[in-house]
Amino acid sequence: MSDPTRILITGAGGPLGVNVTRSLRAAASTPGAPPATLVGTDCNRWHLPLALTDEVVLIPPARDTDAYLAALGELISARSIDLIVPTHPVEVRTLSAHRNRFTGVRFMLPPHEAILLAQDKWRTHCLLRDAGLPVPLTRLIGRRSHLDEVFDELATRPVWVRGAGVPGAGIGVASLPCREVAHAAAWVDHHQGWGKFIASEYLPGANLTWCGLFYRGELVMAQSRERLEYVLPHVSPSGITGAPAVSRTVSRPDVRDSGEAAVRALPGPPHGVYFVDLKEDAHGVARITEINAGRFGTTIHFYTEAGANFVAALAALALGRSLPGAPEGRLFGAPAIDPVAPGTYWIRTLDCGPVLVTDFDHPAEASPDRAGAGSNGTRRG
């Protein structure tokens, strides 16, 4: 038997780290799959027991760049790591900036300038707007008068006010739907966010996302879905917490086309994983709200359980291994577009689930007592 591939998963005790680990475990359990040893890291000591990796190590946070890189370098050397899969945007940015520091270990990250641009929501908006792609009307808020102007410009309420996602600003998203200029000004003021916040038109329609895996400019696989409900929505003023409770797959050409076009608008040939968020306006037009470059979304295990393991595909390509069905001399074949059937649901909430449901037209058929439990608690309706 060959030596196991050693894969390091950062943020291993967080939701995305756990779901990346689950996906890699699923791949390793496939008959004939090469063995793998999974090593996790996390900067939160309370999250260490939640990791599902073979080993988990406490390291400094990525914002403490020198200490983080030193600790990671020691771990890579001590464990002979072959591949790193980062799961947090700050770690993606930090590892990308210093990817040449680590010799003998592989990454599958987008071009660095693409990562920086995608993490800056205002620059992303301007790029997509100038490329003629569908985006919401959005303005950068540099001073109070800008809020007056945007509230006059937008007839609909509320106006969506949020952090512009400027890397290093320390604000985060901080979304707030505002009906009055005074509310918006107080929100920006509270975060000391003048010049770091944006205001956008409210988009009342479907909340959509598109995930694409690329290899040196070529699309390998992609999947679209709709978010129907969020975990603990009442704790967020916007009702959006970043953790979907109910999602379902969709197959929409407009979402596919806009998602891929958004990624290709970023600098350099796309490489690695991206996910693009979109929301419908009042007329049903799906408008792009952001791009995330270099990491999966937290519910990527959904696709794995439904038969499309994006994480395993990324790892295989990063390691130079061909995907199943690839023609001779190629690492992969024709792009797998929406490989999970539309209308497949993923349902979870705090301490409950996840549950995979393939027929929600008949709720009794999908109830837990009528479904078979999978090895990790997943149920199929």
Taking only distance into account, with no hydrogens and no angle test, what donor-acceptor pairs under 3.5 Å do side-chain atoms of residues 318-326 form with protein atoms, sequence neighbours excluded?
from, atom 1, to, atom 2, distance (Å)
Arg321, NH2, Thr5, OG1, 2.5
Ser322, OG, Arg330, O, 3.3

### Query
Taking the side chain as C-beta and beyond, is there a heavy-atom pair between Asn207 and Lys279 under 4.5 Å?
yes

### Message
Less than 6.0 angstrom separating the ring centers of Trp346 and His301, yes or no?
### Response
yes

### Message
Is there a path of hydrophobic side-chain contacts, each under 4.5 Å between heavy atoms of I/L/V/M/F/W/Y residues, joining Val220 to Leu331?
### Response
yes

## Note on the structure
What one should report as the nearest heavy-atom pair of Arg348 and Pro244 is NE-O, 2.8 Å

### Summary
Tightest non-hydrogen contact, residues Gln223 and Val250, listed as NE2-O, 3.9 Å

### Task
For the pair Thr138 (side chain) and Pro136 (backbone), establish whether a donor and an acceptor sit closer than 3.5 Å, ignoring hydrogens and angles.
yes

### Query
Just wondering, do Ser251 and Arg256 contact through their side chains at under 4.5 Å, heavy atoms?
yes

### Task
Look at the side chain of Asn19 and the backbone N and O of Pro15, then say whether any donor-acceptor pair between them is shorter than 3.5 Å.
yes

### Residues forming a side-chain hydrogen bond (donor to acceptor under 3.5 Å, both in side chains) with Arg139, sequence neighbours excluded
Glu153

### Task
Provide the closest heavy-atom pair for Ala12 versus Gly40 in the form atom of the first, atom of the second, distance.
CB-CA, 3.6 Å

### Query
Given the rule that I, L, V, M, F, W and Y join up when any side-chain heavy atoms are under 4.5 Å apart, are Val255 and Ile291 in one cluster?
yes

### Message
Ile198 vs His125, test: side chain to side chain contact (heavy atoms under 4.5 Å, CB included). Steps then yes/no.
### Response
CA-CA 10 Å; Ile198 54 178; His125 169 82; 6.0 Å; no

### Message
For Arg143, I'd like to know if atom CZ has over 12 heavy atoms of other residues, nucleotides or ligands within 6.0 Å.
### Response
no

### Task
For the pair Gln119 (side chain) and Pro89 (backbone), establish whether a donor and an acceptor sit closer than 3.5 Å, ignoring hydrogens and angles.
yes

#### Entry: pair Ile84-Ile76: side-chain heavy atoms closer than 4.5 Å
yes

### Message
Taking salt bridge (Lys or Arg N to Asp or Glu O under 4.0 Å) as the cut-off, I'd like each qualifying pair that reaches into residues 55-69, sequence neighbours left out, listed once.
### Response
Glu55-Arg79

### Message
Donor-acceptor pair, distance only, cut-off 3.5 Å: does the side chain of Arg99 make one with the backbone of Ser96?
### Response
yes

### Query
Hey, does Ser224 have a side-chain heavy atom less than 4.5 Å from the side chain of Asp338?
yes

### Message
Working to the nearest 0.5 angstrom, can you tell me the gap between Arg264 CZ and Leu133 CG?
### Response
12.5 Å

### Query
With distance as the sole test, does Asp82 use its side chain to make a donor-acceptor pair with the main-chain N or O of Arg6 at under 3.5 Å?
yes

### Query
With a 4.5 Å heavy-atom cut-off, do Pro110 and Leu266 have their side chains touching?
no

### Task
Not counting sequence neighbours, list each pair that qualifies as a side-chain hydrogen bond (donor to acceptor under 3.5 Å, both in side chains) and has a residue in residues 33-42.
none

### Query
Leu137 and Leu203: same hydrophobic cluster, using ILVMFWY side-chain contacts below 4.5 Å?
no

### Task
State, to 0.1 Å, how close Val150 and Ala199 come at their nearest heavy-atom pair, and which atoms those are.
CG1-CB, 3.9 Å

### Stepwise side chain to side chain contact (heavy atoms under 4.5 Å, CB included) test for Glu280 and Leu208
CA-CA 8 Å; Glu280 287 181 344; Leu208 303 154; 4.2 Å; yes

### Task
Please answer whether the main-chain N or O of Thr10 pairs with a side-chain N or O of Thr87 as donor and acceptor at a distance below 3.5 Å.
yes

### Query
Is there a donor-acceptor pair closer than 3.5 Å between any side-chain N or O of Thr249 and the backbone N or O of Ala341?
yes

### Query
Can you hop from Val273 to Ile115 via hydrophobic side chains spaced under 4.5 Å?
no

### Query
Distance from Leu8 atom CG to Ile81 atom CD1, nearest 0.5 Å?
4.5 Å

### Query
Can you tell me how far the OG1 atom of Thr156 sits from the OH atom of Tyr202, to the nearest 0.5 Å?
9.5 Å

### Query
Please walk me through it: do Arg144 and Val181 pass side chain to side chain contact (heavy atoms under 4.5 Å, CB included)?
CA-CA 9 Å; Arg144 168 65 185 255; Val181 173; 3.4 Å; yes

### Message
Using a strict threshold of under 4.0 Å (side-chain N to carboxylate O), is an ion pair present between Asp277 and Arg227?
### Response
yes

### Task
Please examine the side chains of Phe302 and Leu356, heavy atoms only from C-beta on, and report whether any two atoms are closer than 4.5 Å.
yes

### Query
Excluding sequence neighbours, so at least two apart, what forms side-chain hydrogen bond (donor to acceptor under 3.5 Å, both in side chains) with Tyr303?
Arg225

### Query
Roughly how far, to the nearest 0.5 Å, is CD of Glu91 from CZ of Arg93?
11.0 Å

### Message
Would you say the rings of His183 and Trp187 are close, in the sense that their centroids are separated by under 6.0 Å?
### Response
no

### Task
Group every Ile, Leu, Val, Met, Phe, Trp and Tyr by side-chain heavy-atom contacts under 4.5 Å, then state whether Leu213 and Ile7 land in the same group.
yes

#### Entry: Pairs touching residues 250-272 that satisfy ring-ring contact (aromatic ring centres under 6.0 Å, His included), sequence neighbours left out
Tyr215-His271

### Message
Show the nearest heavy-atom pair for residues Ile300 and Cys211, with the distance to one decimal.
### Response
CD1-SG, 4.4 Å

### Task
Could you give me the CA-CA distance, side-chain angles and deciding distance for Val92 and Phe107, then say whether side chain to side chain contact (heavy atoms under 4.5 Å, CB included) is met?
CA-CA 10 Å; Val92 169; Phe107 298 89; over 6 Å; no

#### Entry: Gap separating the CD atom of Glu290 from the NZ atom of Lys121, nearest 0.5 angstrom
4.0 Å

### Task
Answer yes or no: is there a donor N or O on one side and an acceptor on the other, between the side chain of Ser77 and the main chain of Gly73, under 3.5 Å?
no

### Query
Heavy atoms, side chains only, cut-off 4.5 Å: are Asp189 and Trp194 in contact?
yes

### Query
Are any side-chain N or O atoms of Arg252 and backbone N or O atoms of Ala286, one a donor and one an acceptor, separated by less than 3.5 Å?
no

### Task
Answer yes or no: is there a donor N or O on one side and an acceptor on the other, between the side chain of His88 and the main chain of Val90, under 3.5 Å?
yes

### Minimum side-chain heavy-atom gap Thr30-Asn309 below 4.5 Å
no

### Task
Could you tell me the separation between the OG atom of Ser200 and the CG atom of Leu154, rounded to the nearest 0.5 Å?
8.5 Å

### Query
Taking all non-hydrogen atoms of both residues, which atom of Pro204 and which atom of Ala282 are closest, and how far apart?
CD-N, 3.7 Å

